[in-house]
Visitor: 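Have a look at the structure that comes next, please.
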Amino acid sequence: MTPLAPSVFLPTGARGRTAGGGRAAWLERRIGLLLVAPAVLLILALSVYPLLYSLWVSFVNYDFLVPGHAFVGLRNFASVIADPIARSSLATTVVLSAIDVAMEFALGLGLALAMARPFAGRGLVTSVLIVPLFISPVIVGQFWALLLQRPFGPTDYVLGILLGQPVTINWLSGFPWNFLALILADVWQWTPFMFVILSAGLTAIPDEPYEAAEIDGVNGWQAFRYITLPQLVPMILLAVTFRLLDAIKLFDVIFMMTGGGPGTSTYTASFFLYELGFQHFHLSEATAGSWLFLLLTAAAVTFLVRRLLRAEAAQ
Amino acid sequence: MSVVRRRRWTGRLRFLAIAAALLYVLLPLYWVAVTSIKPSDDYLAVPPVWFPAHPTLVHYAAALFAYRGLAGLSHSVTVALGATLLSVLLGTPMGYSLARFRTGGTHLAFWVLSQRFLPPVAIGLPIFLLYRNYGLYDTQAGLVLVYTVMTLPLTVWMMFAYFRQLPRELEDAARVDGCGWWQAFLRVAIPLALPGIAAAAVFAFITVWTEFFFALILTSRHAFTLPTVFRSFISFQGAQYGESSALAMVSLVPSILLGVLVQRHLVRGLTLGAVRG
Amino acid sequence: MSKDKDGNTAALGRELDAWLRGDHSRRAVLRQVLAASGYAALGGTLSAGVTQAAVELASPDTPLGRVQAAAVRASTEGPQNGSAYRAVQAARKFKGVTLGMTYEAGLQALEPRNFSGPLWQQLTGMSYNVVELSHPDQYAKPIAEHIAQSGAYDTLDIEPAWIPSLADGGVIAPIDDFVAKYMNMADLEDYHPLYKFLPTYKGKRWGFFDDGDQLALYYRRDVFEDSKLRAAYQAKFNRALRVPQGWDEYAETAQFITDQLAPKVYGAVHFRKAGSPGNQYGFMQEYRANGGVLFDGAMRAQIAGEAGVRTMRQMLAANKGSVPGNDDLDAVAAWVAWLQGKAAMLYSWPPTGRMSENYSQRDKAVNFVPHSAIAGNVGYAVMPGGNGEMASGYVKALAADSANPEAAYLFMQWVTSPPVSLVRVMLPYTLRDPYRMSHYNSPDYRALWPASKEYLSTLAEAANGGVVDMIMPGWQDYALSLDQMCTSVWAGTDPHAALTKAAAEWDAITDKIGVDSQRAAYQQFLKLPGSAANHTIATMGLAVHAN
């Protein structure tokens, strides 16, 4: 197993290039363009054009409660920026996704290490562990709501037995339990993501350094710290980057478990924009907010992917 | 501490960690499975009913037949298959082009990748507004198109990576033998890439099958999919626990089966081909 | 869905259950499964198209069967000046037209699918398409369809409080001309006066009221009559235990019962979860019972004043005396706790009364609540303080983009007419609640369970003192703000701070829609019966009583 397929993140020079110039190269360019055209056109039509259109919407009035489409300049942006719920939902998004990804990483790495050496039934256990990846996040949200919600869920009862006294935690509506519940659900679904990628990384590390270390009497922690971890860095960065970029879109689990409550304390950016746009039809404000969110996301993508490329280049 | 004792100790820790992970994964699955066959009288029993004395399938019958589960299931199948097909049909040539001809250099490849990270809510709003002009609002075709765009980064990048690792010499040989580039692509490259295409298709299918947001905002009467029906059991008055659990079971079985089937390719699927499994 | 298919589904469920219990041959089950999968294949191809169905009719010697037969007679034989008969006659010329009708997903939608839809089709030759939407989407999707100009919907089930937003936004159309042309005005007079006025806005009628969602207090007679409990109450408070008459007394009584009887029985149970259905109803109800005023002359929100703080204090006290986990419960979970005998009081919608007597649970569709352990022990009362919220309710409205407005209107008139609507509020699985005097007075409804007469007259009394949701543009926005305010208080936020924040949000909403237009809308809302505790049907001298 190779950690990174021939470094797809890097321009690789001649490997894809054919020899000979002139007509053959011209033809290849034409063929190449022809082959990418349908996909590119579809993306232009359904992603780029809508985004440009939404740029127009964000500068006019487009609101179900206020008639007309007058040009309003930056007012939509200003009112989103001034909205305390918008700001708190952005903060919630950052905090929640950071905690989610950190926990998923820690648990995924631990699990990958625990599963690294073969044992009887490892294949079956792996198959079970990856199951959450294939379930709709809406359903995952409902899973955990059923398990935690009082009085239906058995969680408080079981905790009560374990602790020997009645437990009355409001998992979905009491701070900080509601955040813990959301984290439990997200970690449940996405720890396997980290586990799978980091396992692949572990498998790719050659045996020789460990054998040498054993002879030198290096202990387990030192071997992990000085051999495993450095070799794993590109994989870790890749896994964390991918996961983080998905985690900031958090919507479905919020929708199913807390509905953003209590109050607006569990509003995430996506949930806030959905409520604003699709439940209350303040469309121009929601689009303005979407653009701001998009720009923040783009900044995060650029930053993280740069880091990723640099790490890979350093390998 | 001797090495042997340390080994035994870490061995136990390892076993405990794996057991805990299994419990964590299986507990919610078990609870939903058992809720789906519980008579409603058992819902709130204290202590909780871990397995009902009188299991029932009424929730399945109700979710599928009395409510809209069956229609949602049929829409989900159609839309997921349609989008998967289209995504593979468009994504495979593009992946090939990126790998063989380096079309557009890295910029084009990364532009496609960047689509993967767009927040759905950002394009959801304008797509909703534009779909009325295209006549695509609340149609299965409209959903198929959105899902195709949503899965293209996956199929393009997985195929991009796959074609790059295929030796180019076979295609060159075919062309020396008089095949055109098109035939070299169709007759040589595609058959060699079939396992990769199949894996990409399965991941695209799962992505579409589990998607909720676009289905929520772009459908109402004709094209609603399974996750949106699922959502309607969480109603104004409250949740219909049995029905929603039954429908959850119906929804998760196909995607889990498919997912476990392509387990070998999982790393590739999760990283869009960046890591070879 | 055809009747055969329904029968098949039920049979399948029974067979599979029998198999699980182990008393059936595998082959019988497989046969049924094969039959059902045949329907599954069919269902797939038909699902997007029109669903054809046969009417589900109860046996004619039951009360339900009698009113169903009466509804069919009224539609086909007359009296010829009846609204039902006129609608059917006029609708025949629209044979072949298909109506798209929105209903709340789940039980609400079973009614048009099993009864009124197929019956209408048989009577008129029109087809129908039931569009199932979640409750918030019953507001959002018609707007989306209107923005998308799809014309997908013809009739809409909407909250009365959405009428101003939807009317101003051009989503719904007034029906006055059709009413003048087709309606028998006596049938309009048959509405409870509270409901008669509700669908009017800017001097026009925007639909027919169609679901009497009046909150009332349901209490356990066996608990309140328990001699040991009564003695303890007398000893502690030096007065007799009674069904609470005010909100402070309500919280106090709930706490007392909890202290005495928990964990067997708790004093009360509430649905306090965010959004299911939301705390706006409970807040608006108590706020106005406390004499709260919504806006001042400058249209600044007044909810953070003394009445608001008092309301939150009372609601918190009530929560404290309730079933543990109260703050996490949605309406169904509250029903489950109530039906299992865990609570002595529950204020909720009218289906509570039907479920408590196991009337609803006789239908196979109602399998999300358990059987009632308290049948025969449930008493009915108007809300403490006398002002119960008319929480949500449904108006059947005409979609402005309908391609067949007249046909759609005729369906609306027919389905809400006295004989047809009586069936719809009496079906076991229905969530549609009585709203006409002829419903409250129906001898057949009163024959459903021993105390059903008392139940019906309590509902009529509750509507006399009922307060209505804030029927103004932007209600969804104001309501969301209230719900968020309440749930944040349940989670520990200081009530006054939360109220102040909500008041600021209300002001922002008002400013956005426009202060002047909102002031005009508020002035108009204040004229509606039920806009305030001192302006109800009862205080206006219009009270009616079941006979």
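Small disclaimer: the values here were computed from a predicted structure and weren't measured. Quick note: numbers below take in every heavy atom, side chains included, and nothing from hydrogens, waters or symmetry partners. Residue numbers start from 1 in every chain, and the chains themselves are labelled A, B, ... in the order their sequence lines are given, proteins ahead of strands.
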Visitor: Please report the interatomic distance OG(A:Ser270) to NZ(A:Lys249), rounded to the nearest 0.5 Å.
Guide: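 Rounded to the nearest 0.5 Å, the OG-NZ separation comes out at 8.5 Å.
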Visitor: Can you find a pair of side-chain heavy atoms, one from B:Leu29 and one from B:Leu252, that are under 4.5 Å apart?
Guide: yes
Visitor: Of the backbone (N, CA, C, O) and the side chain (C-beta and beyond), which part of B:Tyr96 lies under 4.5 Å from a heavy atom of chain A, both, or neither?
Guide: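 Side chain of B:Tyr96 only, per the 4.5 Å heavy-atom cut-off to chain A.
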Visitor: I'd like to verify something: which residue of B:Leu247, B:Leu258, B:Val260, B:Leu22 has the highest number of heavy-atom pairs under 4.5 Å with chain A?
Guide: B:Leu22
Visitor: Should the ring pair B:Phe213 and A:Tyr274 be called parallel, tilted or perpendicular, given that the plane angle runs from 0 to 90° and is split at 30 and 60?
Guide: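 It falls in the perpendicular class, over 60°.
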Visitor: Please confirm whether B:Tyr24 and A:Trp144 have ring centers closer than 6.0 angstrom.
Guide: yes
Visitor: Relative to chain A, which of B:Leu266, B:Leu272, B:Val49 shows the most heavy atom pairs under 4.5 Å?
Guide: B:Leu266
Visitor: Counting only heavy atoms closer than 4.5 Å, note whether B:Phe117 contacts chain A via side chain, backbone, both or neither.
Guide: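 Both the backbone and the side chain of B:Phe117 come within 4.5 Å of chain A.
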Visitor: Between B:Arg164 and B:Leu98, is any pair of side-chain heavy atoms under 4.5 Å apart?
Guide: no
Visitor: Does any backbone or side-chain atom of B:Leu118 lie under 4.5 Å from a heavy atom of chain A? Answer side chain, backbone, both or neither.
Guide: both
Visitor: Between B:Leu89, B:Leu86, B:Thr155, B:Val32, which residue shows the highest count of heavy-atom pairs closer than 4.5 Å to chain A?
Guide: B:Val32
Visitor: Where on A:Ser127 is there a heavy atom nearer than 4.5 Å to chain B: the side chain, the backbone, both, or neither?
Guide: both
Visitor: Assess the side chains of B:Thr207 and B:Thr151: does a donor N or O sit below 3.5 Å from an acceptor N or O?
Guide: no
Visitor: Please state whether the side chain, the backbone, both or neither of B:Leu226 comes within less than 4.5 Å of a heavy atom of chain A.
Guide: neither
Visitor: Measure A:Val40 against the heavy atoms of chain B and call it side chain, backbone, both or neither at under 4.5 Å.
Guide: both
Visitor: Given heavy-atom pairs under 4.5 angstrom as the criterion, report whether the side chain, backbone, both or neither of B:Thr103 touches chain A.
Guide: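 Side chain only.
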Visitor: If you count heavy-atom pairs under 4.5 Å between each of B:Thr35, B:Thr148, B:Val146, B:Leu129 and chain A, which one has the most?
Guide: B:Leu129
Visitor: Pick from B:Leu130, B:Leu145, B:Ile206: which one has the most heavy-atom pairs with chain A under 4.5 Å?
Guide: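 Ranked by contacts with chain A, first place is B:Leu130.
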Visitor: Pick one of side chain, backbone, both or neither for B:Tyr162, based on which atoms fall under 4.5 Å of a heavy atom in chain A.
Guide: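 For B:Tyr162, there is no contact with chain A at all, as no heavy atom is under 4.5 Å.
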Visitor: Pick one of side chain, backbone, both or neither for B:Phe15, based on which atoms fall under 4.5 Å of a heavy atom in chain A.
Guide: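 For B:Phe15, no heavy atom lies under 4.5 Å from chain A.
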Visitor: Classify the ring geometry between A:Trp188 and A:Phe143 as parallel (under 30°), tilted (30 to 60°) or perpendicular (over 60°).
Guide: perpendicular
Visitor: Working note: A:Leu273 + A:Phe278, criterion side-chain contact (heavy atoms from CB on, under 4.5 Å); need CA distance, chi angles, decisive distance, verdict.
Guide: CA-CA 8 Å; A:Leu273 293 171; A:Phe278 288 100; over 6 Å; no
Visitor: Backbone N or O of A:Ala269 within a donor-acceptor pair of the A:Ser89 side chain at under 3.5 Å?
Guide: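 No: the side chain of A:Ser89 does not pair with the backbone of A:Ala269.
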Visitor: If I measure from the heavy atoms of chain A, does B:Ser245 come under 4.5 Å with its side chain, its backbone, both, or neither?
Guide: side chain
Visitor: Sort out for me which of B:Leu125, B:Thr92, B:Ile123, B:Leu216 touches chain A most, counting heavy-atom pairs under 4.5 Å.
Guide: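 Looking at each option in turn, the highest pair count goes to B:Leu125.
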Visitor: Are A:Ile31 and B:Trp182 packed together at the side-chain level, in the sense that at least one heavy-atom pair is separated by less than 4.5 angstrom?
Guide: no
Visitor: Can you say whether A:Leu111 sits under 4.5 Å from chain B via the side chain, the backbone, both, or neither, judging by heavy atoms?
Guide: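 The answer is the side chain of A:Leu111.
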Visitor: Could you give the distance from CD1 (B:Ile256) to CZ (A:Phe134), rounded to the nearest 0.5 Å?
Guide: 8.5 Å
Visitor: Side chain from CB out, backbone as N, CA, C, O: work out which of these in B:Leu152 comes under 4.5 Å of a heavy atom of chain A, or both, or neither.
Guide: side chain
